[in-house]
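Position 1 is the first residue of the sequence, and the numbers go up from there.
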Amino acid sequence: MQPAPPFGYGAYEPPPSKRGRPSVILWYRTYCAIATLLYGGFLASMFGVDPNLAVLFALFVAPLVVLHVVGAAVPYKPWGWTLALVLVCFGLVTCLMPFALGLLLYWREPTVKAAFCRM
């Protein structure tokens, strides 16, 4: 480390970069696992109430369960970042909205895009 220049002026030295993946990716995978359990639980509970309504409900919820299972194991490819963004946006209209909003704010950061080779 160099001594401080007089009067506090000198060349700007950027902060060192962090190694590894951004932590928001782990939080996203946790979000997908929780959403899968939540939607799967709703689907299973509907079969105990009314089987006819459960079939109709399954047409809408079963694809979300499958997408969140795939989303939890998404590879670090550009399409993986896009799929994750779509799943987080789906979460904005569910009871997971507070978590999805937080993920959405951090998901668009350049470090996350770089992790998915998006930049």
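Criterion: ILVMFWY side-chain heavy atoms under 4.5 Å apart, direct or through other members. Under it, Leu37 and Phe90 are not part of a common hydrophobic cluster.
When side chains are defined from C-beta on, Ile25 counts as touching Pro22, because their heavy atoms get closer than 4.5 Å.
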Would you please test Val112 and Tyr106 for side chain to side chain contact (heavy atoms under 4.5 Å, CB included) and show each step? CA-CA 8 Å; Val112 177; Tyr106 288 103; 5.8 Å; no

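In terms of heavy-atom proximity, Arg108 sits nearest to Lys113 at O-CE, 3.6 Å.
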Side-chain donor-acceptor contacts of residues 91-101 below 3.5 Å, not counting sequence neighbours, with atom names and distances?
residue, atom, partner, partner atom, Å
Thr94, OG1, Gly91, O, 3.0
Thr94, OG1, Leu96, N, 3.2

Side chains of residues 40-48: which donor-acceptor pairs under 3.5 Å do they make with residues two or more places apart or in other chains?
residue, atom, partner, partner atom, Å
Ser45, OG, Gly41, O, 3.3
Ser45, OG, Phe42, O, 2.8

Do any side-chain atoms of residues 57-84 form donor-acceptor pairs under 3.5 angstrom with protein atoms, and if so which ones, sequence neighbours left out?
residue, atom, partner, partner atom, Å
His68, ND1, Leu64, O, 2.8
Trp81, NE1, Trp107, O, 3.2
Thr82, OG1, Pro78, O, 3.4
Thr82, OG1, Arg118, NH1, 3.3

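The line from CG of Leu85 to OH of Tyr28 is 9.5 Å long, rounded to the nearest 0.5 Å.
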